[in-house]
Amino acid sequence: MRILTLLVFILTFIGCNKNVQKIADTKSPTDRIEILLSKMTIEEKIGQMVQYNGFWDSTGPAPSEGDSKKKYEHLRTGQVGSVLNVSGVENVRNMQKVVVEESRLGIPLIFGLDVIHGHKTLSPIPLAESASWDLELIEASARMAAKEATARGINWTFAPMVDISRDARWGRVMEGAGEDVFLGTAIARARVRGFQGNDLSATNTLAATAKHFAAYGFAESGRDYNTADIGTSTLYNVVLPPFKACVEEGICTFMNSFNVLNGIPATGDKFLQRELLKGKWNFDGFIVSDWGSANEMIDHGYAKDLKHAAELAANAGSDMDMESYAYIKHLKEVVEEGKIPMELIDDSVRRILKIKEKLGLFDDPYKYCDIDREKTQVFNQENKDEVLEIAKKSIVLLKNENNILPIKKDQQNILVIGELAADKTSPLGSWRIGSDDNTATSVLEGIDNLGIDYHFSNGVKLVEGNVDFINEVKINESDKTGFEEAITNAASADLVIMVLGEHGFQSGEGRSRTKLGFPGLQQELLEQIAEVNKNIILVNMSGRPLVLTWADENIPAIVQAWQLGTRSGDAIASVLFGEQNPCGKLPMSFPRSVGQVPIYYNKLNTGRPGPNELVFWSHYIDESNDPLYPFGYGLSYTDFTYSNVNIQITDTLKHEIKVNVDLKNNGDVDGREVAQLYIRDKVASVSRPIKELKGFQLADLKAGESTTLTFKLSESELGFYDNNGNFIFESGEFEIFVGGSSDTKMSKTIEL
Ligand code: GLC
């Protein structure tokens, strides 16, 4: 009898596996998926909705006990649809082999990873890249990231993060495109195009993810994972547009967010996921929950237990469960109890299978496992050169008194101070999960590479003990070893370059701050150095805007150098010594004090904008309302002037206008200006911001060169979302601003 049973099993199994082959041979993708769906058991369907974190080094023996053994069994029984944090051709191939060759239907896994700003070779952190305003470079940066990650077996990235945020206390501002919806939307589109390319079945393109849906960047008090409580107008006009743009760019997946919105956890939010995303926006990809967010609905007080969480998440349209185990443990029960119709399960599974089909995984589950590509396409010189360009253009010159910058190459007796100047890891930022420590060019190496002599003093330790991805960074608040040496050396130096800022793990997920000054003893050191030498160039390497108010009042030159990735030091040196004329513009306002936060340029006017002689207007009694450095601000080694703004109505009925402005490079060096156009809708049925970015152009002008820039605006730029989520245009008076920063006063008004 046993022999017979075994024979039947073997024949069935071969038959089924042949099924996958037969399915792969079916011409139409839809047919393939429908045939597969019709063969799947409920366990196999739910399996596609399960994502596990990489749970063993698959180059080693299969796990023999505990949770990993159970997860391995789920691979073999076709109850896992995806894994994350597994990379490397050998690891991916071995894990894929278990599923494809041992499970009944052999449905391949999709391998996800946070390829946020590169994989092994890192470009600047996304907030820094955004300071370049260079959409072509940003797209190319994502394309390079896709090339590298796919060469290591990855086919899905959890990027771009498109959360708009106005709060530098939130550690994840480093991962986004800053405070503005227009710039953020344009950058979101560029990143999706870069990751996905125009052929998802190619072996060098990734499925991308729009995250975190939605309003995660509005976590109250900038405290990560905190409640987001925003108004309808902010939701429709600020939070949602970058996500909608990702759908329009054909993005494959969304990731929902940890926070509640209007008291509902995003993972369980039917309005966001079914009514809006899959309904009104007609999104045809799938939604993955963020790590454990389904389970976290219990802590939110929204689910009573994990089974209830499974029901709520699946009903709300969260298609794949990342590391909550809600679906693998309870979804079958919930379906059998009739709490979720099978149609919804089928819809989730269909969406997931479709993305695997688009990636070509049914045709060849091992297509991303090319050992030769891994050897030649990863961390090569071509990639390192590519990330240098965008790193240079991401640097923002904030102050340059008496043109102390650029430093002359024959400058003598330069002293570099600051542990971050020698740091080869912090410039990689906090999302360096695919890269390796100590692989960034440091500032010291960058200056060395220019063949320039200098002395170096560490100055002060930034952190104590070891730091890693999951634990708090312990800041040195007491050990002043190095102060004396630095101060003594500074007293005799002709020029001091101080490299201060944040450790790479002082921004990013789970790293919110209540203070925005230099961490630890750096500010004290800066002030003591300034007492013995006035010739200081301050380089700030941070993952977020910091409060630089004292430096702005006391230090002649300030450079915002973010965390610029693998070629950080070369980029910084090229700007400091004039090889690169800085052209970055801030994607986020820099506050004068943390008490002003959240602070952003596109604010509403309020009913008491002031100023007036009494106290009864919207202001602080101890601080200005204005940022230290506004959105869109950045200096150059040359000087640009705008003139002759004129506006023409090109189509009265369609409310289309053309705005021309002359731009001149008055200086004696070539440079790039990011020319910006803002509008103000003076009166509307919903109060509109005092300024809104609605256009920008990169003008590369030679010394003395002039040009005329033309911007075209239509209702899609002049309109807004009303509180029902409808995009509308209302006639009336518009003020049009043009300039090199959001604080430009150059404007003309027009009636439309
Ligand atoms: C994290 C992040 C998310 C990331 C995911 C997988 O908690 O919130 O952005 O993609 O887990 O690493």
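Fair warning: this is a prediction, and the values are worked out from it, not measured in the lab. Counting starts at 1 for both ligands and their atoms, following the listed order.
Screening D321, L312, N256, V288 for a side chain to side chain contact (heavy atoms under 4.5 Å, CB included) involving T267 leaves a single residue, N256. When each of M161, R544, R511 is checked for a side chain to side chain contact (heavy atoms under 4.5 Å, CB included) with R172, only M161 meets the rule. When each of R350, K278, Q273 is paired with D319, the side chain to side chain donor-acceptor pair (under 3.5 Å) condition holds for K278 and for no other. Under the side chain to side chain donor-acceptor pair (under 3.5 Å) test applied with W431, the options E509, Q563, E175 reduce to a single match, E175.
Every atom of ligand 1 is numbered from 1 in the order shown, and the set under 4.0 Å from a heavy atom of M255 is 3 (C), 10 (O). Atoms of ligand 1 lying under 4.0 Å from at least one heavy atom of W291, given by number and element, are 7 (O), 11 (O). Atoms of ligand 1 lying under 4.0 Å from at least one heavy atom of F158, given by number and element, are 10 (O). Per-residue contacts place F258 under 4.0 angstrom from the following atoms of ligand 1 (heavy atoms of the residue considered): 7 (O), 8 (O). The distance from ligand 1 to the heavy atoms of L84 drops below 4.0 Å at these ligand atoms: 6 (C).
Where the criterion is an N or O separation shorter than 3.5 Å, residue side chain and backbone included, Y216 fails it with respect to ligand 1. For the pair D290 and ligand 1, the shortest N or O to N or O distance falls below 3.5 Å. For the pair W431 and ligand 1, the shortest N or O to N or O distance does not fall below 3.5 Å. Considering backbone and side-chain atoms together, R172 places an N or O closer than 3.5 Å to an N or O of ligand 1.
The ring of Y368 has its center no closer than 6.0 angstrom to the ring center of F111.
Between P545 and L516 there is no side-chain heavy-atom pair separated by less than 4.5 Å. By the 4.5 Å heavy-atom criterion applied to side chains, F254 and V247 are counted as neighbours. A 4.5 Å side-chain heavy-atom check between F213 and D269 finds every atom pair outside the cut-off.
Ranking the protein heavy atoms by distance from atom 7 (O) of ligand 1 puts E509 OE2, 3.0 Å first. Closest protein heavy atom to atom 10 (O) of ligand 1: D114 OD1, 2.5 Å.
Contact annotation: for K211 versus ligand 1, heavy atoms closer than 4.0 Å belong to the side chain alone. At a heavy-atom cutoff of 4.0 Å, ligand 1 is contacted by no atom of I433, backbone or side chain.
Using a non-hydrogen distance threshold of 4.0 Å, H212 registers as a contact of ligand 1.
A cation-pi arrangement is found for R432 relative to F505, the charged atom lying closer than 6.0 Å to the ring centre and inside a 45° cone about the ring normal.
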